[in-house]
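One structure is given below, encoded as structure tokens.
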Amino acid sequence: MTAKKKPKVYITRKLPDAVETRMRELFDAELNIDDAPRSVPELMAAVRTADVLVPTVTDRIDAALIEAAGPQMKLIASFSNGTDHIDVEAAARKGITVTNTPNVLTEDTADMTMALILAVPRRLGEGARVLTDKPGEWAGWSPTWMLGRRIHGKRIGIVGMGRIGTAVARRAKAFGLSIHYHNRKRVNPAVEDELEATYWESLDQMLARVDIVSVNCPSTPATFHLISARRLALLQPTAYLVNTARGDVVDESALIKCLREGKIAGAGLDVFENEPAVNPKLVKLANEGKVVLLPHMSSATIEGRIDMGDKVIINIRTFIDGHRPPNRVLPGR
């Protein structure tokens, strides 16, 4: 009896060793050992021969690339929660199924969001740099030195009350913050009661009334620059903004202007509008202590990445076995 041929799976980035080992056991997997981002010509060549493409958020899987795919490629199993880097509609027209890895990064992202919520008002980045950038110059404790802002008792406004937004709310409530949120629709009444959360149908009205804004909505055409210059102007001058969602949800240029002019108190950013490029003006503001910058690491835990890999493998196996994969992404979703 002839053994069933393994599907050819092309993986665009380096994945955890445990995930790659399992991929090699189950599939004819082409790995990216050096983790260098694949060029467009390399991706074009891959989709012409591979049965399955496993991209990440750093890969732009647009209509042109999908159109170049050979007839054998029927699945794009993305190693990501979001799918804004994939033209899902173009894939559907080509008869290619798209999957993602949802519900894996919720707790890790919420943890990092809470870390930034603490770091910005309490000036953690500035404090750490005092000891590392100028060793020996710290004169010791002083009653009026490095004063930040207390977060207990403040109001947090969560933009996007999905799984991550809800997880952030639970953490924030434990720190004594009052929970406010804006979402396309109200959350379950039981969740609202648990969090003692106030729902705002109007994002504008909520922004004008909260002390901390946490951006936790997905990147879609509808959320592009959702936090616009006009909406940033609604924030109180003592307010802070934290974004661990996607960079293009916030008008970065307008945010920089607000920070430089003291229109808001500070910001914590894990994502940027033109990643991996970071606006030099943001770096300057970080050096001045007005913003805390992280290199898109809110979901970066070993456990989370392995869980993501497991979901990719399950989606591929299910599809290859002739069944609908559990994490299929439909156009328009």
Side-chain angles (χ1 to χ4, degrees), residues 11-20 22-23 35 54-59 77-85 99-122 124-125 128 151 156 158-175 177 179 181 183 187 191 194-195 212-219 223 240-250 267-272 275-276 278 291-315 326-327 329:
I11 303 161
T12 65
R13 297 300 295 267
K14 176 81 176 73
L15 303 183
D17 288 347
V19 175
E20 290 185 338
R22 190 66 178 141
M23 289 269 198
D35 199 34
V54 180
T56 71
V57 293
T58 61
D59 303 300
S78 189
F79 186 87
S80 66
N81 180 40
T83 54
D84 49 294
H85 58 297
T99 63
N100 65 341
T101 60
N103 312 332
V104 171
L105 308 175
T106 299
E107 303 304 326
D108 297 330
T109 303
D111 285 345
M112 191 63 84
T113 304
M114 198 65 219
L116 284 171
I117 289 169
L118 289 165
V120 180
R122 294 304 306 272
L124 298 191
I151 68 164
I156 183 171
I158 297 172
V159 182
M161 196 70 156
R163 290 183 177 88
I164 294 173
T166 302
V168 170
R170 289 195 172 100
R171 287 158 173 76
K173 185 173 185 293
F175 276 84
L177 286 154
I179 309 302
Y181 76 97
N183 205 43
V187 300
V191 174
E194 172 205 344
L195 298 171
I212 300 167
V213 176
S214 178
V215 180
N216 300 109
C217 60
S219 174
T223 62
Y240 300 91
L241 182 139
V242 169
N243 186 8
T244 56
R246 283 290 187 269
D248 62 9
V249 177
V250 178
L269 306 176
D270 184 51
V271 288
F272 306 94
E275 288 185 30
V278 178
V291 61
V292 174
L293 306 178
L294 296 177
H296 202 149
M297 56 186 283
S298 63
S299 64
T301 67
I302 295 169
E303 296 88 348
R305 295 291 189 249
I306 291 175
D307 287 346
M308 290 172 71
D310 288 344
K311 277 186 176 282
V312 170
I313 291 169
I314 290 169
N315 283 320
N327 304 124
V329 178

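The first residue in the sequence is number 1, and the count goes up from there.
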### Message
Using side-chain contact (heavy atoms from CB on, under 4.5 Å), reason through I117 and V168 one step at a time and then give a plain yes or no.
### Response
CA-CA 10 Å; I117 289 169; V168 170; 4.3 Å; yes

### Task
List the steps and the verdict of side-chain hydrogen bond (donor to acceptor under 3.5 Å, both in side chains) for N100 and T83.
CA-CA 7 Å; N100 65 341; T83 54; 5.5 Å; no

### Query
So D108 and E303, side-chain contact (heavy atoms from CB on, under 4.5 Å) or not? Walk me through it.
CA-CA 9 Å; D108 297 330; E303 296 88 348; 5.7 Å; no

### Task
Tell me, with the steps shown, if E275 and R246 meet salt bridge (charged side-chain N to carboxylate O under 4.0 Å, His left out).
CA-CA 10 Å; E275 288 185 30; R246 283 290 187 269; over 6 Å; no

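Contact detail for L294 and M112: the closest heavy-atom pair is CD1-SD, 3.7 Å. The minimum heavy-atom distance between V249 and C217, with the atom names listed, is CG1-SG, 3.6 Å. Here the closest heavy-atom approach between residue M161 and residue L195 is recorded as CE-CD1, 3.7 Å. Summarising the geometry of N315 relative to P326, their closest heavy-atom pair is OD1-CD, 3.2 Å, with the distance given to 0.1 Å. When all heavy atoms are compared, the tightest approach of T106 to A167 is CG2-CB, 3.8 Å.
No donor-acceptor distance shorter than 3.5 angstrom exists from the side chain of R22 to the backbone of A18, with no hydrogens or angles considered. The main-chain N or O of V187 is found under 3.5 Å from a side-chain atom of Y181 such that the two form a donor-acceptor pair. With R305 contributing its side chain and S299 its backbone, the two residues share a donor-acceptor pair below 3.5 Å.
Taken to the nearest 0.5 Å, the CG atom of L118 stands 5.0 Å off from the CZ atom of F175. N243 contributes atom CG, which lies 9.0 Å from atom CG of D248 (distance to the nearest 0.5 angstrom). In this structure, the separation between CD1 on I302 and CG on D307 is 12.0 Å, given to the nearest 0.5 Å. A distance of 9.5 Å separates CZ of F79 from CD1 of I313, quoted to the nearest 0.5 Å. Atom OG1 of T113 and atom CD1 of I156 lie 8.5 Å apart (nearest 0.5 Å). Put simply, CD1 on I164 and CG on N103 are 9.5 Å apart, with the number rounded to the nearest 0.5 Å.
Taking the side chain as every heavy atom from C-beta outward, I151 and M114 approach each other to under 4.5 Å. Here the side chains of V291 and L269 are in contact, with some heavy-atom distance below 4.5 Å. Residues V104 and N81 form no side-chain contact, since every pair of their non-hydrogen atoms from C-beta on lies 4.5 Å or further apart. Here the side chains of M308 and L15 are not in contact, with every heavy-atom distance at 4.5 Å or above. Looking only at side-chain heavy atoms (C-beta outward), T101 and S78 stay at 4.5 Å or farther from each other. In this structure, the side chains of D111 and T301 stay at 4.5 Å or more apart for every pair of heavy atoms. Between D84 and P218, every side-chain heavy-atom pair lies at or beyond the 4.5 Å cut-off. Between R170 and E194 the shortest side-chain heavy-atom distance falls below 4.5 Å.
Surrounding CZ of R171 are more than 12 heavy atoms belonging to other residues, nucleotides or ligands, all under 6.0 Å away. Sparse packing is recorded around CZ of R163, with 12 or fewer heavy atoms of other residues, nucleotides or ligands lying under 6.0 Å away.
For T109, the side chain to side chain donor-acceptor pair (under 3.5 Å) criterion is met by no residue, not counting sequence neighbours. Among residues two or more places apart in sequence or in another chain, the side chain to side chain donor-acceptor pair (under 3.5 Å) test is passed with T166 by none. With sequence neighbours left out, the ring pair (Phe, Tyr, Trp, His ring centres under 6.0 Å) criterion links Y240 to no other residue.
There is a side-chain donor-acceptor pair under 3.5 Å between D270 and S298.
The side-chain hydrogen bond (donor to acceptor under 3.5 Å, both in side chains) with R13 is formed by just one residue from the set T58, T56, D59; it is T58.
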